[in-house]
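What follows is one structure encoded as structure tokens, with my remarks underneath.
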Protein chains: 2
Amino acid sequence: MKYEAAKLKDISKVLGLSVSTISRALNDSYEISEKTKKLVREYAEKINYRPNPVAVSLREKRSRSIGVIIAEIANSFFSQMINGVESVAHAKGYNVIITQSLESYERELSNLEFLASRSVDGCLISVSTETKNFDHITRLHKRGFPFVCFDRIIDDIKTHKVSIDNFKGAYDATKELVKSGFKRIAMLGNAEHLSITQERLSGYKAALADAGLVFDESLIRYCLHGGMIYGEVEQAMNELMSLRKKPDTFFAASDKLTTNFVRYCKAKKISIPNKLGLVGFSNLDLTDLLTPALSVIRQPAFEMGEAAAELLIKLIEAKRPPADFENMVLPPELLIRGSSERKK
Amino acid sequence: MKYEAAKLKDISKVLGLSVSTISRALNDSYEISEKTKKLVREYAEKINYRPNPVAVSLREKRSRSIGVIIAEIANSFFSQMINGVESVAHAKGYNVIITQSLESYERELSNLEFLASRSVDGCLISVSTETKNFDHITRLHKRGFPFVCFDRIIDDIKTHKVSIDNFKGAYDATKELVKSGFKRIAMLGNAEHLSITQERLSGYKAALADAGLVFDESLIRYCLHGGMIYGEVEQAMNELMSLRKKPDTFFAASDKLTTNFVRYCKAKKISIPNKLGLVGFSNLDLTDLLTPALSVIRQPAFEMGEAAAELLIKLIEAKRPPADFENMVLPPELLIRGSSERKK
DNA sequence: TTTTTCTACGGAAACGTTTTCTAAAATAGC
DNA sequence: GCTATTTTAGAAAACGTTTCCGTAGAAAAA
């Protein structure tokens, strides 16, 4: 099945004008008389002519579209962030192509390859949990392909970056738990090598130190897929709950870790916050409907998407590589609700 | 900033062969000797050559990509569905471009326009709640642009369709509420003109009739944005709860209606299911963590995405329009949990 | 040896635009 | 009425592929 749309040549034949004249008329060139422009525009309108973007892309060597690589769409943080990206991209005449890595390095690689092979003018990326080697990114970046990193930041690449103050988020969360009277605060973290994990770990440690609590390595567990897979959270929890000195509360360092922690407690009939307290990162807008309502650190996902898209488009449209790069760090928001309230 | 990638001409110059020979060697043409093929392949590999997809698209008059138009990404039903679409699309060598209408007719129109202007070989569409006129779709369809409708079906377009048995879903939900002993069952529906709303309404009515309950028009409320906006749900609920004869339970006919119903009850301190029972459509995988756990009708979103993508690609690759079109109707799943259990 | 058939490759057109370079027609200046 | 300038428009090249067509040289057939 073939779909045939009108092209310049069709208009040219009907109106008895050359293809170049039609093109110029439609692009409002000064070298075409008003009379001709009107004639051409009216006919083009009538047959609902649209320039073939593929041909324009080839000619202009740009596609007016940007790529996004994220872990998964079905994650509220990322889907909110995409909304932010789309809103500024569309306003600036860019289209957005979304791809998900599902936390797989292989998929991230092939997605990037597809995007970079010139179907896209630049790329927004939050690396997968599996990604430890960034050669695929730096290689392209060195050759001039525009990148903006967000959320999970890569250190060894010089470009704009958009993230939140992970240290502060974790610090505030942990401090809140301390304030509620919890003593043995465990941490469920994302993959250990990720920037966000390290920063959140530091915030957690700092809050403990400030409260005079000792840091206990055995209370930390990392989940290689960021909690996307229930099994990994279950295993981490099982290990922690069978410690001789069990934790009395949790800091969950990502969206999926937070919800799967709740799922675990529900399954094991562990009462929150009576038995175990919780503050976790989450952008779900359902966390306040749970019983107890969850205390969460919320990331300004929409704003991050806006900022990242803005920076990327600036990069794409710049004639020369900018002298210095932005490193935007947005503040997280701590929402205190029932799950971190110590009973008794 | 410009990103320059290797092209055939570069290889041609280095190896002293013509561009056509390089192209044929890389495409494993029979008219090229093994020796030359090996030479070319090795060099191409070395410089990491990738054909420019834009040029290929122009030449082949196809982009090997499909478009998706949905209401919003941040909706579990749609994001799960997209995962299904992506899995089969990628397996067949297609890329997926996702656009969201956010329930706006205007945005749906411009998204479709962008997709159809040949950047995409075909389109999967679930119309926005605002869309009452389908001319933009039928016009393209008549000119041979491949469509597959899913979820929210359009009657007056002859093509493949993928949906669930909405009648059955609503019937089962309502019947479950009847079985629990509820008598005045209200329905929160999506925009009235949508196919899914009408089908779900029929199922609801049928279950009432079968149970010997009278259908009461005043217990039905439609939300123009499918519950995406909390305010519309709030208003509908306020109206229903101030009726002389209040409902004692609810059937919520979409994802967002279900969660916003819960939000309303939480805000008004209306206990579920003691004061009001609930069965609702939802694909959130958090509904079982609420207290009470929600009884939901779950749609096989992933499978719908797979099926829709499969059908669309079949349509795209067919030489002639098929004689008959599939009308796939998948079964919904009723998960009975606490929210529909009548307490004494 | 001469003619025919393969083999292996090069040249050029085509996909639908935009834009540079030319040039004809119209207008202005004298 | 003739030249100089401006206005308007067409021809052609370019973007990076793929593929149709043509052909030199080698091998096979006569």
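Chain naming here is simple, since letters A, B, ... match the order of the sequence lines and numbering starts at 1 in each.
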Legend entry - Rounded distance [0.5 Å steps], CG in B:L315 versus CG in B:D121: 11.5 Å
Inset, instruction - Output yes when B:E42 and B:K46 qualify as a salt bridge under the 4.0 Å nitrogen-oxygen rule, no when they do not. - result: no
Inset, instruction - Determine the contact category for A:L8: base if any of its heavy atoms lies under 4.0 Å from a base atom, sugar-phosphate if only primed atoms, P, OP1 or OP2 are that close, otherwise nothing. - result: base
Inset, instruction - Rounded off to whole Å, could you give me the CZ-to-P distance for the A:R64 and D:dC15 pair? - result: 21 Å
Inset, instruction - Under the side chain to side chain contact (heavy atoms under 4.5 Å, CB included) rule, what do B:L112 and B:C123 come out as? Steps first, then yes or no, please. - result: CA-CA 8 Å; B:L112 181 57; B:C123 195; 4.2 Å; yes
Inset, instruction - Would you mind classifying the nucleic acid contact of B:S33 as base, sugar-phosphate or nothing, using non-hydrogen atoms under 4.0 angstrom? - result: sugar-phosphate
Legend entry - Check: A:S57 side chain, A:P53 main-chain N or O, donor-acceptor pair, under 3.5 Å: yes
Legend entry - Spacing between A:L26 atom CG and C:dG16 atom P, to the nearest angstrom: 16 Å
Inset, instruction - May I have the distance from B:I32 (atom CD1) to D:dT18 (atom C1'), rounded to whole angstrom? - result: 13 Å
Legend entry - Distance-only donor-acceptor test, B:E31 side-chain atoms vs C:dA8 base atoms, 3.5 Å: no
Legend entry - Phosphate OP1/OP2 of C:dC15 contacted by A:N52 side-chain N/O (<4.0 Å): no
Inset, instruction - Answer with base, sugar-phosphate or nothing: what part of the nucleic acid does A:S29 contact at a heavy-atom distance below 4.0 Å? - result: nothing
Legend entry - Residue-phosphate contact under 4.0 Å: B:T36 side-chain N/O, C:dA8 OP1/OP2: no
Legend entry - Rounded to 10 degrees, the angle between the two terminal axes of the helix from C:dT1-D:dA30 to C:dC30-D:dG1, each from five pairs: 60°
Legend entry - Atom-to-atom span, CG of A:L15 to C1' of D:dG10 - whole angstrom: 15 Å
Legend entry - Base C:dT18 to side chain A:R59, donor-acceptor N/O within 3.5 Å cut-off: yes
Legend entry - Presence of A:Y30 side-chain N/O under 4.0 Å of D:dT6 phosphate oxygens OP1/OP2: no
Legend entry - Side-chain donor/acceptor of A:S126 to backbone N/O of A:D151, under 3.5 Å: no
Legend entry - Value in whole Å for how far the C1' atom of C:dG11 lies from NZ of B:K9: 14 Å
Inset, instruction - Could you tell me whether the phosphate oxygens of D:dT18, OP1 or OP2, come under 4.0 Å of any side-chain nitrogen or oxygen in B:S23? - result: yes
Legend entry - Selection from D:dT19, C:dC9, C:dT17 that lies nearest to any side-chain heavy atom of B:S20: D:dT19
Legend entry - Rounded distance (Å) that lies between atom P of C:dA25 and atom NZ of A:K35: 16 Å
Inset, instruction - Whole angstrom is fine here: how far is it from CG in B:N27 over to P in D:dC20? - result: 13 Å
Legend entry - Donor/acceptor link under 3.5 angstrom from A:R24 side chain onto base of D:dG10: yes
Legend entry - Nearest listed nucleotide, side chain of B:S18, among C:dG11, D:dG16, C:dT17: C:dG11
Legend entry - Atom NZ of B:K314: over 12 foreign heavy atoms under 6.0 Å: no
Inset, instruction - Using distance alone, with no hydrogens and no angle criterion, decide if A:N83 and B:E72 have a side-chain donor and acceptor under 3.5 Å apart. - result: no
Inset, instruction - Report the nucleotide, chosen from C:dT17, C:dC9, C:dC15, that has the shortest atom-to-atom distance to any side-chain atom of B:L58. - result: C:dC15
Inset, instruction - Taking only the side-chain nitrogens and oxygens of B:K61, find out if one of them lies under 4.0 Å from OP1 or OP2 of C:dA14. - result: no
Legend entry - Backbone N/O of A:N133 and side chain of A:T131: donor-acceptor pair under 3.5 Å: no
Legend entry - Whole angstrom value for the distance that separates P of C:dT19 from CD1 of A:I22: 16 Å
Inset, instruction - Give one of base, sugar-phosphate or nothing for A:S57, where a contact means two heavy atoms less than 4.0 Å apart. - result: nothing
